[in-house]
Amino acid sequence: MSLSGKEFLDSAIQQFEDAADILGLEDSFREMLKMPKRTLIVSVPVRMDDGSIKTFMGVRVQHSDALGPFKGGIRYYPTVTVEEVTALAMLMTWKTAVMNLPYGGAKGGVRCNPKQMSLNELERLTRRYTAMIYNIIGPHIDIPAPDVYTDAQTMAWIMDTYSQLRGEPTPAVVTGKPVNLGGCEGRAEATSYGVAVCVRESAKKFGMPLKNARIAIQGYGNVGAYAAEILYDWGAKIIAVSDSKGGILSQDGLNPYKVGEHKKKTGSVVGFNNTKKITNEELLELECDFLIPAALEGQIHKGNADNIRAKVIIEGANGPVTPEADKILNQKGVKVIPDILASAGGVTVSYLEWVQNLQRFYWTREEVLRKLDDKMVKAFNEVAQYQEKYNIDYRKAAMALAVERVVNAIKSRGLWP
Ligand code: NAD
């Protein structure tokens, strides 16, 4: 499914309105939160390697800072639109609020095709974009992070540019940096660790033993592969995994470390020893305890939702279940642990990175993952309480909890002037 920026924004606003209905929110707050606090659109001229100058559209949308400084990634993508980035900024507000992080929500983007640009061109683009948004970011104002086609190197360039302009080393202006520049141990597997905690806590909540729980994972990238390894280490049985080239099934269970080695050698999980080749569609419809979509948005839609035989879906990806599919799954009794909770491990460890940068005191990977574990368990239980209190699904419960936290902060602050 590929939603246009406008459709994506409409659906983000609808999700917010649904939560507002549950909470009986006044119109004044609805109007305030449907709109970002600030949107900065910038032109980013870059000298290309051949000497020509190209100008790219850049944007930073700051949705809410009611609970703390704005926080959210920056994506480089040929089809970036202001509407799409606005929707993502709004989702970041709810994601940080549901995790009870002292942050608001923001998102940035530059409309470019990073696959067709050299490393030098990307560096010049990043530094110029940073200079253009310099006035509205900062360690206590707005803290960017990596997103689609930006990475630790991009963050290092932003951190360096900001520090040069400011005249002081400022590692806390971005998260997702390389570890040698103040990045956080455990960041690489943080989102997957959060996904795994959601599996563990759901198993407890729904009375399903984690030992030998049958798990299918779509997507074997950053999120999917680490999630498979962590859950395997915790005693679950990974029966199927997939990537863009297809999937593999073994009812006896896979060793994800060996699957990873195979993917490294051959470029895909397909063809791994003693497994049956399946399609991505078949993977989604397998009978299993937990299904973890960890690839793309819109994978479970109205066309296949009725065929889903998993007991619980844990959303590792952003938006893998469409709103129509949500309704069908609800009627079938399939539980869905939503992305704003299940995939929040990354932003939570970003928060831990920022705290370490500010205090200039660093934690080990074990300390980081223990703090992440505590935060995920707390958020999971709080969402479960809202689910019971309002008798709604987990997505609506997570949204209601998040929106209520943001609105309460606005109410406590009052309106200035
Ligand atoms: P990634 O690029 O590392 O991995 C994506 C995986 O999906 C790859 O294995 C790819 O082969 C596979 N894939 C692509 N098309 C597919 C298809 N049609 N069917 C099945 N598999 C397909 O990306 P990632 O960082 O693992 O992110 C995955 C999802 O999780 C995205 O929605 C992302 O927005 C979300 N997410 C990631 C993080 C993070 O920290 N990386 C945090 C929050 C949310």
Side-chain angles (χ1 to χ4, degrees), residues 1-3 8 71-77 84-85 87-88 91-92 94-96 98-99 105 107 109 114-115 145-152 154-155 175-176 183-184 186-196 198 216-230 240-248 256 259-260 262-264 266-270 272 277-286 291-301 304 313-322 337-353 372 376:
M1 183 195 65
S2 174
L3 287 180
F8 190 28
K71 183 91 192 86
I74 292 172
R75 52 175 56 188
Y76 288 174
Y77 210 68
E84 171 197 348
V85 177
L88 292 163
L91 290 174
M92 281 308 296
W94 315 136
K95 204 178 233 190
T96 56
V98 90
M99 292 308 299
K107 205 84 178 188
K115 286 186 178 167
D147 195 64
V148 178
Y149 292 127
T150 56
D151 55 17
T154 323
M155 297 306 112
T175 59
C184 187
R187 175 65 185 88
E189 63 269 43
T191 304
S192 319
Y193 192 92
V195 167
C198 285
I217 303 180
Q218 186 198 35
Y220 216 66
N222 193 14
V223 178
Y226 280 123
E229 291 177 5
I230 296 165
V241 299
S242 70
D243 57 32
S244 58
K245 304 212 172 80
I248 52 173
V259 174
H262 175 80
K263 185 171 165 79
K264 221 180 233 162
T266 66
S268 172
V269 298
V270 176
F272 182 65
K277 185 173 190 294
I278 54 172
T279 64
N280 262 295
E281 292 70 33
E282 286 167 336
L283 179 136
L284 295 173
E285 297 175 10
L286 286 174
L291 171 63
I292 305 177
L296 305 169
E297 69 279 4
Q299 292 298 294
I300 301 171
H301 43 77
N304 64 1
I313 296 175
I314 309 281
E315 292 189 329
N318 281 319
V321 175
T322 66
I337 305 302
D339 47 7
I340 61 168
L341 171 65
S343 74
V347 70
T348 305
V349 169
S350 270
Y351 162 65
L352 298 175
E353 177 176 335
L372 169 61
M376 291 300 308

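Just follow the structure's listing: the first ligand is 1, and inside any ligand the first atom is 1.
Proximity of Glu297 to ligand 1, defined as any heavy-atom pair under 4.0 Å, is not found for any part of the residue. The side chain of Leu296, and not its backbone, has at least one atom closer than 4.0 Å to an atom of ligand 1 (non-hydrogen atoms only; side chain from C-beta on). The side chain of Asn280, and not its backbone, has at least one atom closer than 4.0 Å to an atom of ligand 1 (non-hydrogen atoms only; side chain from C-beta on). Contacts of Thr191 with ligand 1, taken as heavy-atom pairs under 4.0 Å, involve the side chain alone. The part of Arg187 lying near ligand 1 is the side chain, judged by heavy-atom distances below 4.0 Å.
Shortest contact from atom 25 (O) of ligand 1 to any protein heavy atom: Asn222 CB, 3.5 Å. Looking from atom 13 (N) of ligand 1 to the surrounding protein, the closest heavy atom is Ser244 N, 3.7 Å. Of all protein heavy atoms, the one lying nearest to atom 28 (C) of ligand 1 is Ala294 O, 3.4 Å. Ranking protein heavy atoms by distance to atom 29 (C) of ligand 1, first place goes to Ala295 O, 3.4 Å. Looking only at protein heavy atoms, the nearest one to atom 4 (O) of ligand 1 is Gly221 CA, 3.2 Å. At the top of the distance list for atom 21 (N) of ligand 1, counting protein heavy atoms only, stands Asp243 C, 3.4 Å.
Backbone and side-chain nitrogen or oxygen atoms of Asn318 are examined, and one is located within less than 3.5 angstrom of a nitrogen or oxygen of ligand 1. Geometrically, ligand 1 and Tyr220 share a nitrogen or oxygen pair separated by less than 3.5 Å.
In this structure, Glu315 contributes its side chain and Ala342 its backbone to no donor-acceptor pair below 3.5 Å. Between the Thr150 side chain and the Ile74 main chain, a donor and an acceptor come within less than 3.5 Å of each other.
For atom 2 (O) of ligand 1, the nearest protein heavy atom is 4.0 Å or more away. The presence of a protein heavy atom under 4.0 Å from atom 23 (O) of ligand 1 is ruled out.
Among residues two or more places apart in sequence or in another chain, the side-chain contact (heavy atoms from CB on, under 4.5 Å) test is passed with Ala317 by Pro320.
A donor atom on one side chain and an acceptor atom on the other are not found under 3.5 Å apart for Tyr351 and Lys71.
The structure places CD of Glu285 at 10.0 Å from CG of Leu291, a figure rounded to the nearest 0.5 Å. The line from CE of Met92 to CD1 of Ile340 is 11.0 Å long, rounded to the nearest 0.5 Å. Distance check, rounded to the nearest 0.5 Å: CD1 of Ile278 to CG of Leu286 gives 4.5 Å.
Interface of Ser343 with ligand 1, defined as ligand atoms under 4.0 Å from a residue heavy atom, comprises 43 (C), 44 (C).
For residues 216-225, every residue pair satisfying the side chain to side chain donor-acceptor pair (under 3.5 Å) rule, not counting sequence neighbours, is listed here: Gln218-Asn280, Gln218-Gln299.
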Verdict with supporting geometry, Asp339 and Leu91, side chain to side chain contact (heavy atoms under 4.5 Å, CB included): CA-CA 10 Å; Asp339 47 7; Leu91 290 174; 5.8 Å; no
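Between Tyr149 and Tyr77, the ring planes are parallel. Angles under 30° get that label, and only those over 60° would be called perpendicular.
Residue contacts with ligand 1 do not include Gly346, since none of its heavy atoms lies under 4.0 Å from the ligand.
By heavy-atom distance, the residue among Ile340, Val148, Val223 lying nearest atom 26 (O) of ligand 1 is Val223.
Between Ile300 and Pro293, the shortest heavy-atom contact is CD1-CG, 4.3 Å.
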